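To keep things clear, I will list the structure first and then write my remarks on it.
Chain naming here is simple, since letters A, B, ... match the order of the sequence lines and numbering starts at 1 in each. This one's a predicted model, so the numbers in the text were calculated from it and none came from an experiment.
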2 protein chains.
Amino acid sequence: MTTEELILAAARKVFVQKGMEGSRMQEIADEAGINKALLHYYFRSKEKLFEQIFAEGLKQLLPKVQLSIEKSEGICDFVNFFIEYYLEMIKELPYLPHFVLHEIHRDPSKIVEIIKGQGLPFTRLQSLIDKDVAAGSIKPIQLEHLMVNIVSMVLFPVIAKPIIQAVLFGNNEIKYATFLEERKSVVIPFVLQAIGVKTN
Amino acid sequence: MTTEELILAAARKVFVQKGMEGSRMQEIADEAGINKALLHYYFRSKEKLFEQIFAEGLKQLLPKVQLSIEKSEGICDFVNFFIEYYLEMIKELPYLPHFVLHEIHRDPSKIVEIIKGQGLPFTRLQSLIDKDVAAGSIKPIQLEHLMVNIVSMVLFPVIAKPIIQAVLFGNNEIKYATFLEERKSVVIPFVLQAIGVKTN
DNA sequence: ATCTGGTTTAACCATTTAGTTAAACCATTT
DNA sequence: AAATGGTTTAACTAAATGGTTAAACCAGAT
């Protein structure tokens, strides 16, 4: 592992867990097992180092949408792919959503640049909905609300982990983990039923 | 307005917007129009002042659950009351959810104390569900998943405001505001349909 | 008027923290 | 083996920041 990769890995760990303002360059240096001055040698400033971690994080969060839309033949497919992908991702990177959301909240201007050129294929998704509505296989629903509903139900449970674990599961870590495991088999039917897909 | 209230109002504004780590005592003093030393005269430390704002914030977020459960005769009532209450609250305090979530994430031990003694009436809610399931008016669903689904769809849209506004509405503030206004009339039917309540 | 005691301020202190510098290190080339 | 040049370090600087202190302020009591 090169020094640069070492630094990035350490920065990722610290930044994602504590955020830009909660992180210290010294802590990142310690985590990487190097001198603090080396951080500045490889990445001029804290801001520059942070940008890299943040952009990388945001990019990991978005392409799932694109892929899910492209793979889908109908809205039902999309719901399945999308929820499955996202739940898979947060299992591996549970801190990512809160990190990205918090930093965007701190400086909303950062999205603009990164999202520019991403150009998600919402028109295709819209036509999938239109087709299914016309066929009478789902009830009419606004694309934006459907998207937000799904993303909410997938991401919020990890963003609010501490409070959910405390309020609903008496701070029992295992019960919370089980709960997360169940999400896939709960959220998919929940959404499908909500948009009026006939289930057996 | 007393000096103490002045400080609390300023601290609320700054802390809720920038979080504990992002806030400076000087900024709070400026916001309150007083000397920085006065903050320490009234509230010994940043930590103490913050605790007060945070506890107050968390308490504003929870009682809605209690009230909604107590007022409801069936799960359908609950869904209506709960969603309506929360959407009303975030209209007035849109920064609160992100603030509370972020600070809990930073130091999860804080919940434990505050939630202790809150004792939400989940057993009553469970019996409401059981009754409606037995009567065949709704499909079986786990209380915890239903709760999380609803809270997710209500709170996430404000937590993720910047990203939703950018990705879905081309950063058009008004379109986002309209979207939020529509949530009530979208989310309530969405949930009711999802749990199998017959709608006309 | 002046004494008293809570309130407010300006000036200060100690620590933390991002960032710099100059020297040391070390592999590769000559 | 001496020179070269990228890499790493220890020591340092400047600014920011939470917190303290001693004096000034000021309303109400004496």
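- We find that CG of B:Leu38 is positioned 16 Å from P of D:dT21, with the value rounded to whole Å.
- Side-chain proximity of B:Lys36 to the nucleotides D:dT21, D:dG18, D:dA10 is greatest for D:dG18.
- Taking the side chain as every heavy atom from C-beta outward, B:Tyr86 and B:Arg183 never approach each other to under 4.5 Å.
- Closest contact between the side chain of B:Tyr41 and the listed nucleotides C:dG6, D:dG19, D:dG6 involves C:dG6.
- Taking the six-membered ring wherever Trp is involved, the centroid distance between the rings of A:Phe82 and A:Phe78 falls below 6.0 Å.
- In this structure, the nucleotide among C:dG19, C:dT9, D:dT8 sitting nearest to the side chain of B:Ile34 is C:dT9.
- The CZ atom of A:Phe50 sits 13 Å away from the P atom of C:dG19 (whole-angstrom rounding).
- Salt bridge annotation for A:Glu70-A:Arg124: absent, with no cationic side-chain nitrogen under 4.0 angstrom from a carboxylate oxygen.
- Heavy atoms of other residues, nucleotides or ligands lying less than 6.0 angstrom from NZ of B:Lys110 number more than 12.
- Residue-environment remark: CD (A:Glu47) exceeds the threshold of 12 foreign heavy atoms within 6.0 Å.
- For the side-chain hydrogen bond (donor to acceptor under 3.5 Å, both in side chains) with B:Glu31, the qualifying choice from B:Gln26, B:Lys13, B:Arg12 is B:Lys13, the only one to do so.
- Within the 4.0 Å cut-off from OP1 or OP2 of D:dG18, at least one side-chain nitrogen or oxygen of B:Arg24 is found.
- Between the P atom of D:dT20 and the CE atom of B:Met25 lies a distance of 10 Å, rounded to the nearest Å.
- DNA chain C contains the following stems of three or more consecutive Watson-Crick or G-U pairs, with both distances under 3.5 Å: C:1-30 with D:1-30.
- In the set C:dA18, C:dT8, C:dT21, the nucleotide with an atom closest to the side chain of B:Tyr42 is C:dT8.
- We find that NZ of A:Lys46 is positioned 16 Å from P of C:dT16, with the value rounded to whole Å.
- Side-chain proximity of A:Asn35 to D:dT9, D:dG18, D:dT21: nearest is D:dT9.
- The separation between A:Leu39 atom CG and C:dT20 atom P is 13 Å, rounded to whole Å.
- The cationic atom of B:Lys48 (NZ for Lys, CZ for Arg) does not lie both less than 6.0 Å from the six-membered ring centre of B:Phe43 and within 45° of the ring axis.
- Atom CD of A:Glu181 sits about 9.5 Å away from atom CG of A:Leu87, to the nearest 0.5 Å.
- The side chain of B:Ser45 sits closest to D:dG19 out of C:dG19, D:dG19, C:dT9.
- Closest approach to the B:His40 side chain among D:dG18, D:dT21, D:dT8 is made by D:dG18 (side chain taken as heavy atoms from C-beta onward).
- For B:Ala37, the listed nucleotide lying nearest its side chain is D:dT21; candidates were C:dT8, D:dT21, D:dT9.
- Residues from residues 2-23 of chain A lying near DNA chain C, meaning a heavy-atom separation below 4.0 Å, are A:Ser23 in numerical order.
- In summary, B:Lys184 and B:Glu84 engage in a salt bridge, as defined by a charged side-chain N under 4.0 Å from a carboxylate O.
- To the nearest angstrom, C1' of C:dT17 lies 13 Å from CD of A:Glu27.
- Relative to the six-membered ring of B:Phe50, B:Arg106 meets both conditions, a distance below 6.0 Å and an angle of at most 45° to the axis.
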